[in-house]
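Single-structure report; data block below.
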Amino acid sequence: PRRGPGGGCLDVDFAVGPPGCSHVNSFKVGENWRQGLRVIYQCFVWCRTPETRKSKAKSCICHVCGTHLNRLHSCLSCVFFGCFTEKHIHEHAQAKQHNLAVDLYYGGIYCFMCKDYVYDKDIEQIAKEEQGEALKLQQCSVPGLGEKYPTWETTKPELELLGHNPRRRRITSSFTIGLRGLINLGNTCFMNCIVQALTHTPILRDFFLSDRHRCEMPSPELCLVCEMSSLFRELYSGNPSPHVPYKLLHLVWIHARHLAGYRQQDAHEFLIAALDVLHRHCKGDDVGKAANNPNHCNCIIDQIFTGGLQSDVTCQACHGVSTTIDPCWDISLDLPGSCTSFWPMSPGRESSVNGESHIPGTTTLTDCLRRFTRPEHLGSSAKIKCGSCQSYQESTKQLMMNKLPVVACFHFKRFEHSAKQRRKITTYISFPLELDMTPFMASSKESRMNGQLQLPTSSGNDENKYSLFAVVNHQGTLESGHYTSFIRHHKDQWFKCDDAVITKASIKDVLDSEGYLLFYHKQVLEHE
Amino acid sequence: MVVSKMNKDAQMRAAINQKLIETGERERLKELLRAKLIECGWKDQLKAHCKEVIKEKGLEHVTVDDLVAEITPKGRALVPDSVKKELLQRIRTFLAQHASL
């Protein structure tokens with residue numbers, strides 16, 4: 001047996017495995033043992049048809065006490081079911097000298113002579129086939145489940161690699177893997193800050209580190225998703241020296257020409273361009289699903305970042321509502337002090353929704369979202385033909401969230417380019433660590449209109465709750481400045497990424513920062 | 001009185017269990033729970049704990065039953081409330097759809 005200095009690994013020789021059980025070996029001498037085992041698996045462990053499920057439901061009870069709750073096992077030598085925890089199956093085994101039993105929940109084989117579950121290659125192979133077959137049939141009713149977390153089955157080359165590299169890494173609270181600086185290649189902090197935010201997006205990280213991208217681009221060296229894959233590998237390699245993202249920059253220049261050159265660029269613009277290119281290069285990842293539903297892309301970028309923005313235009317004459325839903329990757333929010341109208345909207349009177357520090361005079365992210373989702377009068381100069389009364393009328397427009405994305409990006413419109421002036425708005429906006437999007441959902445508006453009581457957020461409904469995991473900041477002026485980001489590492493550690501330099505930060509540092517782009521991820525994920 | 005109530009409970013349990021198996025819902029719940037527990041890191045935590053126990057006792061001196069007895073309290077305690085809540089909700093919905101039970 002080998003054991004590395006890090007010692008995360010048990011003293012098991014991977015290639016040989018534990019020694020076999022002589023009782024199983026003598027069982028395997030018997031005729032048709034495979035067939036018998038398969039019948040038990042198909043009828044009582046992993047059913048394939050409604051009929052077998054029905055008979056399983058009826059017959060899977062203990063032959064001694066009639067219950068089903070106590071880890072039911074089936075004798076391998078005769079027709080007998082018994083409780084394991086109540087030792088009914090043990091009594092049977094001893095009385096009849098039947099040494100082996102099958103666990104009817106998980107399919108494992110227990111040997112009463114060895115007094116433990118036993119592992120046999122042939123039996124495990126049969127179990128794997130039977131379970132796989134049943135799961136495949138079940139997939140039709142539960143798409144996505146099961147195949148999502150396949151067990152890693154080591155192949156021979158992998159076993160050799162494991163043998164040659166006996167050191168295992170373990171996650172501890174002082175684990176720094178994933179924290180790696182990025183060299184500035186000439187005003188490329190706009191890119192570095194976004195790369196740090198993206199590489200610390202939990203689900204995106206899981207996707208790339210589990211090697212899920214299958215490139216279908218004609219020339220993979222031009223694929224931005226492939227480059228993201230290698231970027232993730234670099235950033236999570238444990239190498240402490242800063243990474244030089246020249247290849248990424250090169251691909252950005254090729255695929256998003258408006259960002260080419262060494263001038264200063266907008267980090268938000270880069271984020272949107274990067275998501276767009278990634279989304280286009282992802283096409284190969286789910287050809288099957290895309291073919292079924294051409295309008296709805298299901299690539300990893302859309303799965304994570306796409307939300308649905310509902311726009312309700314209400315005719316002021318007939319009150320008819322026309323609704324459209326558009327996909328969105330981010331939400332751009334107006335700030336107080338900008339030239340746009342309808343601001344301020346008397347913040348502070350209502351109780352704070354998201355527990356933001358409500359210092360009088362301070363605007364909160366919730367205020368910005370409230371303003372974003374308020375009905376807006378479109379004015380007399382913008383009459384729209386109403387679909388219900390067929391006449392040109394004044395109308396109001398209201399934006400609400402129809403579907404929430406897994407990761408919500410908020411963009412504060414700090415750079416103002418209006419006809420009157422070009423300037424940066426540095427107003428401080430307070431934002432919370434935990435955000436509840438329930439008030440901004442179209443569904444909550446409907447329930448409000450139906451007169452249903454809007455419960456406060458403490459009602460325990462977590463499905464619309466988000467946690468902050470990255471903040472991008474801009475220091476300086478409209479003409480010249482610098483981007484940095486705060487990223488969350490582990491559950492609650494924060495770090496500041498300033499190009500090549502990464503330093504520890506406090507939650508206060510994060511929440512007191514000005515904020516340009518905020519990244520929140522959903523706390524609860526739904527399985528379809 | 002007490003006995004008849006217990007019998008009734010047991011009967012109800014058995015009937016619900018039968019329905020869950022018959023419809024395949026039991027397997028779906030199992031898969032959902034498995035996915036949720038992997039997602040929240042429960043599986044990794046328990047795995048690490050199992051390894052500690054095995055290291056402490058020595059591979060040759062530990063059976064699956066020893067391991068189950070040792071880690072069950074911790075395993076139960078570590079299941080996040082949100083996961084329990086979701087499972088409970090699904091079972092409730094299932095029961096409401098099969099109210100004839």
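Proteins come first, then strands; the chains are lettered A, B, ... in the order of their sequence lines, and each starts at number 1. Not measured: the values here are computed from a predicted model.
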TODO: Go through the steps for A/T52 and A/S55 under the test side-chain hydrogen bond (donor to acceptor under 3.5 Å, both in side chains), then give the verdict.
DONE: CA-CA 5 Å; A/T52 50; A/S55 79; over 6 Å; no
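- With a 4.5 angstrom heavy-atom cutoff, B/V83 does not touch chain A via any of its atoms.
- No side-chain heavy atom of A/Y106 sits under 4.5 Å from any side-chain heavy atom of A/V45.
- Contacts of A/L69 with chain B are made by side-chain atoms alone, with heavy-atom separations under 4.5 Å and no backbone atom involved.
- Seen from the ring of A/Y105, B/R26 counts as a face-on cation partner, given the 6.0 Å and 45° thresholds.
- Residue contact with chain A, scored on non-hydrogen atoms closer than 4.5 Å, involves the backbone and the side chain of B/R13 alike.
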TODO: Could you walk me through whether B/E22 and A/K58 pass the salt bridge (charged side-chain N to carboxylate O under 4.0 Å, His left out) test, one step at a time?
DONE: CA-CA 9 Å; B/E22 243 176 67; A/K58 273 216 195 80; 5.9 Å; no
